[in-house]
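Structure first, commentary second.
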Amino acid sequence: MLKKRINEKLNPNFDIEPEFPKKNMLIEVTNRCNHQCAFCANSKMTREKGSIDESFLRRILEEAHHEGVEEVGYYTTGEPFMAKNLDQYVRWAKEIGYKYVYVTTNGALANPERVKPVLDAGLDSIKFSINAGSRETYKMIHGRDDFEQVINNLRYISEYRVKNDLNFKIFASFIVTRFTEKEKRRLKLLISNLVDEIIYLNVTNQGGMMYEINETLSLGDGSSSIKNLPCSLLFNSINITYEGYLTACCVDFQNYLVVADLNKVSLKKAWYCDLFKQLRVMHLTSSVEKTLCYNCIYNKNESVEALNKNYSKKLSSDKFNKNDEIRQRVETYFSELKE
């Protein structure tokens, strides 16, 4: 199911003018988030916080579907349930003709009042990101004491599906860190009867934005280090920010990989624009130095430049750092366990 969907997206046509993606479009309905996960760059992001313009969203959904896109996910760097009209966005996509509409959420806000309209609008799958197996560890990782609320929300969704004989999918994902590796089984025992599948993903540097996890959270087995070039996202994935930009990466927290402004050009023109083709060539020739991709691929923390400086501010790598916060959380966590 979910693993199969992910694997299918890892084998694109590596051409500088690849076929227009059909099944991999993510739209950032908001970059706001109610959690501050230790492994995530959202809480240190300096982009202005905001939500997508609804007229733009409607236009881009229609435009993408006209080009053959069949699936859309409403999330990237933020929490989709912080968007006021998420149910309307799902309904729009289904009315336009999308075959598969999905979200990933931390689940804390997906309470019965909020989630029922989204499910009723025709959502095809919902994935809960639950990154610990106990309340104490969850609080340390997520930065919020919402573990029990999340499990209750997940239980409601599972029961709602059965009660109403619905066929949407329910998934869960677990980002594995050195502090949560032993809790994988614990979470599985707790929610396996509520979800269709649980996937476990070793913590990584989040598109080159979370190098500090190497010292504090990584498993120490090399799983968060060097990745493969070229990155498949450039060749088979449409990623749209809430501002209306096309970016090459689904975790481009600072808009460092924006290639075009979709408020000014069509989605198809942006997909084949010179800047995007240039970045694809850089990946195909393993020459991604000075781009955010370099830090992601090689697990570095080098000074990098935005592809288009009109859409992102230059940041100092020594200031864009979450080490102290993570260490403090870990210290507090172990201190509370001893009490």
Side-chain angles (χ1 to χ4, degrees), residues 9-10 12 14 16 26 31 36-47 76-77 131 141 175-181 201-237 239 241 245-259 275-330:
K9 295 175 181 179
L10 295 177
F14 290 116
I16 63 170
L26 296 181
N31 65 339
Q36 294 187 337
C37 293
F39 55 78
C40 180
N42 180 281
S43 63
K44 63 180 187 178
M45 177 171 52
T46 63
R47 280 169 63 203
T76 57
T77 70
N131 303 296
I141 294 294
I175 302 297
V176 184
T177 70
R178 68 180 65 173
F179 302 106
T180 59
E181 187 174 20
L201 304 166
N202 291 344
V203 66
T204 62
N205 64 24
Q206 281 223 312
M209 304 299 278
M210 285 298 296
Y211 177 76
E212 55 264 43
I213 61 96
N214 291 323
E215 298 179 26
T216 51
L217 298 176
S218 69
L219 298 170
D221 59 359
S223 59
S224 63
S225 59
I226 297 177
K227 305 177 182 70
N228 294 325
L229 273 171
C231 173
S232 62
L233 293 180
L234 280 69
F235 301 86
N236 72 349
S237 178
N239 298 286
T241 74
Y245 305 148
L246 178 66
T247 176
C249 183
C250 58
V251 284
D252 182 15
F253 290 90
Q254 289 296 125
N255 287 346
Y256 264 36
L257 297 173
V258 169
V259 296
L275 190 54
F276 211 167
K277 287 192 285 187
Q278 177 185 331
L279 184 60
R280 292 184 186 119
V281 169
M282 293 168 72
H283 272 246
L284 291 168
T285 57
S286 299
S287 54
V288 294
E289 293 82 359
K290 294 297 181 182
T291 71
L292 184 60
C293 301
Y294 181 83
N295 284 351
C296 175
I297 297 294
Y298 297 106
N299 201 24
K300 299 290 186 180
N301 192 31
E302 304 295 326
S303 176
V304 298
E305 300 286 343
L307 289 182
N308 190 322
K309 296 177 182 179
N310 292 323
Y311 305 117
S312 181
K313 284 194 264 183
K314 172 84 173 167
L315 290 174
S316 171
S317 58
D318 61 332
K319 293 181 179 179
F320 197 69
N321 194 297
K322 205 173 177 178
N323 259 329
D324 291 342
E325 178 192 334
I326 297 172
R327 289 195 188 98
Q328 183 59 52
R329 282 201 208 180
V330 172

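None of the values given here were measured: they were computed from a predicted structure.
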Taking only residues at least two apart or on different chains, which pairs with a member in residues 287-297 satisfy salt bridge (charged side-chain N to carboxylate O under 4.0 Å, His left out)?
none
I need the minimum non-hydrogen distance between Leu284 and Pro230, along with the two atoms involved.
CD2-CG, 3.9 Å
Before you tell me yes or no, could you show the steps for Asp252 and Asn239 under side-chain hydrogen bond (donor to acceptor under 3.5 Å, both in side chains), namely the whole-Å CA-CA distance, both residues' side-chain angles and the distance that decides it to 0.1 Å?
CA-CA 9 Å; Asp252 182 15; Asn239 298 286; over 6 Å; no
Check whether any side-chain heavy atom of Gln206 sits under 4.5 Å from a side-chain heavy atom of Ile213, and report yes or no.
no
Test Thr241 against every option in Leu26, Thr76, Thr247, Thr77 by the side-chain contact (heavy atoms from CB on, under 4.5 Å) rule and name the one that passes.
Thr247
Given side chains that start at C-beta, do those of Gln278 and Val281 come closer than 4.5 Å, heavy atoms only?
no
Report the relative orientation of the aromatic rings in Phe235 and Phe14; use parallel for angles under 30°, tilted for 30 to 60°, perpendicular for over 60°.
perpendicular
Can you tell me how far NZ of Lys227 sits from CG of Asn299, rounded to the nearest 0.5 angstrom?
6.0 Å
How close do Leu292 and Met209 get, heavy atom to heavy atom, and via which atoms?
CD1-SD, 3.4 Å
With distance as the sole test, does Asn301 use its side chain to make a donor-acceptor pair with the main-chain N or O of Glu212 at under 3.5 Å?
no
CZ of Arg280 to CD1 of Ile16: how many Å apart, nearest 0.5 Å?
8.5 Å
Minimal non-hydrogen separation, His283 against Leu234, with atom names:
CD2-CD2, 3.5 Å
What distance do Leu229 atom CG and Tyr294 atom OH have between them, rounded to the nearest 0.5 Å?
10.5 Å
Side-chain contact test, heavy atoms from C-beta onward, threshold under 4.5 Å: evaluate it for Val304 versus Thr291 and give yes or no.
no
Which residue, Glu325, Gln36, Met210, forms the side-chain contact (heavy atoms from CB on, under 4.5 Å) with Lys44?
Met210
With a 4.5 Å limit on heavy-atom distance, are the side chains of Cys293 and Leu257 in contact?
yes
For Lys277, does the NZ atom sit with more than 12 other heavy atoms under 6.0 Å from it, leaving out its own atoms?
yes
Look only at the side chain of Arg178 and the backbone of Leu219, and say whether a donor-acceptor pair between them is shorter than 3.5 Å.
no
With the side chain counted from C-beta on, respond yes when Val330 and Thr216 share a heavy-atom pair under 4.5 Å apart, and no when they do not.
no
Rounded to the nearest 0.5 Å, the CG atom of Leu217 sits from the CD1 atom of Ile175 at a distance of 11.0 Å
Indicate the atoms forming the closest heavy-atom contact of Phe253 with Cys40, along with that distance.
CZ-SG, 3.8 Å
Could you tell me which residues satisfy salt bridge (Lys or Arg N to Asp or Glu O under 4.0 Å) with Arg327, sequence neighbours excluded, listed by chain and number?
Glu215, Asp324
Under 3.5 Å donor-acceptor, Gln254 side chain and Ser312 backbone:
no
Heavy-atom side-chain contact between Asn205 and Asn214 under 4.5 Å
no
Could you state the interatomic distance from CG (Leu307) to CG (Leu275), rounded to the nearest 0.5 Å?
5.0 Å
Pairwise distance SG(Cys231) to CE(Met282) - rounded to 0.5 angstrom:
13.0 Å
Quick one: closest heavy-atom pair of Leu279 and Ala248, and the distance?
CD2-CB, 3.6 Å
Hey, are the side chains of Asn308 and Tyr245 touching, using non-hydrogen atoms and a 4.5 Å cut-off?
no
